[in-house]
Amino acid sequence: MKYFIVTYGCQMNVHESEKLAGILENIGYQPCEKREEADIIVFNTCAIREGAEDRVFGNVGNLKKLKKKNKNLIIAVCGCMTQKEDSAQKLLNTFPFVDIVLGTFNMTKLGYFIEAVKKGRQIEILDEGEIDEVLPYKRTSGDNAWVNIMQGCNNFCTYCIVPYVKGREKSRKEENILKEIKEILKEGKYKKITLLGQNVNSYGKDLNPEVSFSKLLKDICALDGDFTLSFMTSHPKDLTDDVIDTIAKEDKIEKYIHLPAQSGNNRILKLMNRKYTREKYLEIINKIRAKIPNCRITSDFIVGFPSETEEEFNDTLSLVEQVKYDSIFAFMFSSRSGTVAEKMDGQIPESEKKRRVNKLLALEKRLQKEANK
Ligand code: SAH
Ligand code: SF4
Ligand code: F3S
């Protein structure tokens, strides 16, 4: 029996797919190169922007023919998109040939649902769930091993669907994280460990007793072995001096911080509920640059947030120009149902968002060219 997994979205999803692969291999499935050869095709979806969802609809739709040819083919859709009510409904209605629909909190039950599918279509989407602690992962990222340290988000940035589809922040126990990393290092195949979380800086705040992210970093660095430690993503409001000092001091930690700013304008940052100002953000950047020479810094930006004026967009351009990032990701605001920003006045037309994103990307290109020179 063969499986094929299609993954959309962030690194966290890439890692979740490694979990799905582990589960499938445990029950006797083998990977295959082409969807045509598969007995089961799993879509691990993303809901962050409309474009991500559109790709899932296009690709699942394309399987209709395959399913006609092979009646025994199982098609499963799981991940963030299924937790978003309108998207899940649309999926279920448009694609009657999808056999299994699972949410983000119960993916590990895939094996059980494959068994049950003989009885008909299986759907289970839960509102919350515990964070998985011990699992077989089929690691697929070369000499980099992803390690999930937490899941969910409490920040509710007004544009973002993640808190709704991934639930509240839940941290894994430190001892379990350390145990997993020791096992990874023992295998001898991995040179890099990358810690994953929607907001790694708030790691451990929900544990009893609390564990800080900087303690976790130090404890991992103290493990024997020759490896580089990296992590993503940091929210600027929670990046403490302690974490910056730890990155500076520990040789094993990669000198790299992805620190999404989203906007360079204070009114927009407030509307986004980011809980920092441009000035505060720049203060953190200066601190990083002072304490960690040659630290690579990258960022995410959203253009065309509801009511963003040309002047406010210019503040984003000037922030990018000022910080001189190593690289940036620029996104056009995508309205997500159920979020606060969806209902805000002053939605910006698509053509204007496109113009702004192109302008931001052109600036980024110019700055990179200058830096490369
Ligand atoms: N937890 C991370 C971000 C995860 S989502 C953080 O807070 O930094 C990755 C990026 O997608 C975000 O940084 C943001 O720039 C972008 N994004 C999220 N929601 C979006 C939306 N509705 N429209 C456009 N871009 C969005
Ligand atoms: Fe989304 Fe904000 Fe949480 Fe990041 S911090 S996942 S952007 S709500
Ligand atoms: Fe997408 Fe879910 Fe990641 S919405 S960006 S796959 S957490």
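Order of appearance sets the numbers: ligands from 1, and atoms from 1 within every ligand. Keep in mind it's a predicted model, so treat the numbers as computed, not measured.
Shown here is Lys275, whose NZ atom has more than 12 heavy atoms of other residues, nucleotides or ligands within 6.0 Å. Annotation for Lys343: atom NZ counts as buried by contact number, over 12 foreign heavy atoms lying within 6.0 Å. The local environment of CD in Glu85 is sparse, with at most 12 non-hydrogen atoms from other residues, nucleotides or ligands closer than 6.0 Å.
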When you pair each N or O of ligand 1 with protein N or O atoms, which pairs come out under 3.5 Å?
{"from": "ligand 1", "atom 1": "1 (N)", "to": "Gln198", "atom 2": "O", "distance (Å)": "2.8"}
{"from": "ligand 1", "atom 1": "7 (O)", "to": "Arg274", "atom 2": "NH1", "distance (Å)": "3.4"}
{"from": "ligand 1", "atom 1": "11 (O)", "to": "Arg49", "atom 2": "NH1", "distance (Å)": "3.0"}
{"from": "ligand 1", "atom 1": "13 (O)", "to": "Gln262", "atom 2": "NE2", "distance (Å)": "2.8"}
{"from": "ligand 1", "atom 1": "13 (O)", "to": "Asp300", "atom 2": "OD2", "distance (Å)": "2.6"}
{"from": "ligand 1", "atom 1": "15 (O)", "to": "Gln262", "atom 2": "OE1", "distance (Å)": "2.7"}
{"from": "ligand 1", "atom 1": "17 (N)", "to": "Arg49", "atom 2": "NH1", "distance (Å)": "3.4"}
{"from": "ligand 1", "atom 1": "22 (N)", "to": "Tyr159", "atom 2": "O", "distance (Å)": "3.0"}
{"from": "ligand 1", "atom 1": "22 (N)", "to": "Ser334", "atom 2": "O", "distance (Å)": "2.8"}
{"from": "ligand 1", "atom 1": "23 (N)", "to": "Ser334", "atom 2": "N", "distance (Å)": "2.9"}
{"from": "ligand 1", "atom 1": "25 (N)", "to": "Arg49", "atom 2": "NH1", "distance (Å)": "3.4"}

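With a 6.0 Å cutoff to the six-membered ring centre and a 45° limit on the axis angle, Arg296 counts as a cation-pi contact of Tyr256. In this structure, Arg55 is not positioned above the aromatic face of Tyr8 in the sense of NZ or CZ being under 6.0 Å from the six-membered ring centre and within 45° of the axis. Relative to the ring axis of Tyr29, Lys2 does not place its NZ or CZ within 45° and under 6.0 Å from the centre.
Ranking protein heavy atoms by distance to atom 4 (S) of ligand 3, first place goes to Ala47 N, 3.3 Å. Gln198 NE2, 3.2 Å is the protein heavy atom nearest to atom 7 (S) of ligand 3. In this structure, atom 1 (Fe) of ligand 3 lies nearest to the protein heavy atom Cys46 SG, 2.4 Å. Taking atom 3 (Fe) of ligand 3 as the reference point, the nearest protein heavy-atom neighbour is Cys10 SG, 2.3 Å.
For the residues Pro163, Cys80, Ala52, the heavy atom positioned nearest atom 2 (Fe) of ligand 3 is part of Cys80.
With hydrogens and angles disregarded, no donor-acceptor distance shorter than 3.5 Å links the side chain of Ser234 to the backbone of Leu259. Looking only at distances, no side-chain donor or acceptor of Asp99 sits under 3.5 Å from a matching main-chain atom of Ala76. Formation of a donor-acceptor pair under 3.5 Å by the Glu342 side chain with backbone atoms of Gly338 is found in this model.
In the vicinity of His235, heavy-atom distances shorter than 4.0 Å reach the ligand 2 atoms 5 (S). Each of the following atoms of ligand 3 lies closer than 4.0 Å to a heavy atom of Lys166: 7 (S). Less than 4.0 angstrom separates some heavy atom of Asn13 from each of these atoms of ligand 3: 6 (S).
Between Arg278 and Glu283, none of the side-chain N atoms (NZ, or NE/NH1/NH2) sits under 4.0 Å from a carboxylate O, so this pair counts as no salt bridge.
In this structure, Ala47 and Cys80 approach most closely via the heavy-atom pair N-CB, 4.0 Å.
Using a non-hydrogen distance threshold of 4.0 Å, Arg274 registers as a contact of ligand 2.
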Chi angles and distances behind the side chain to side chain donor-acceptor pair (under 3.5 Å) call for Tyr159, Arg49: CA-CA 10 Å; Tyr159 51 82; Arg49 284 170 292 275; over 6 Å; no
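Proximity of Met12 to ligand 3, defined as any heavy-atom pair under 4.0 Å, is not found for any part of the residue.
Taking the six-membered ring for Trp, His15 and Tyr137 have ring centres closer than 6.0 Å. Remark: aromatic rings of Phe331 and Phe305 are distant, center separation not under 6.0 Å.
Atom 1 (Fe) of ligand 2 has Cys160 SG as protein N, O or S atoms under 2.8 Å away.
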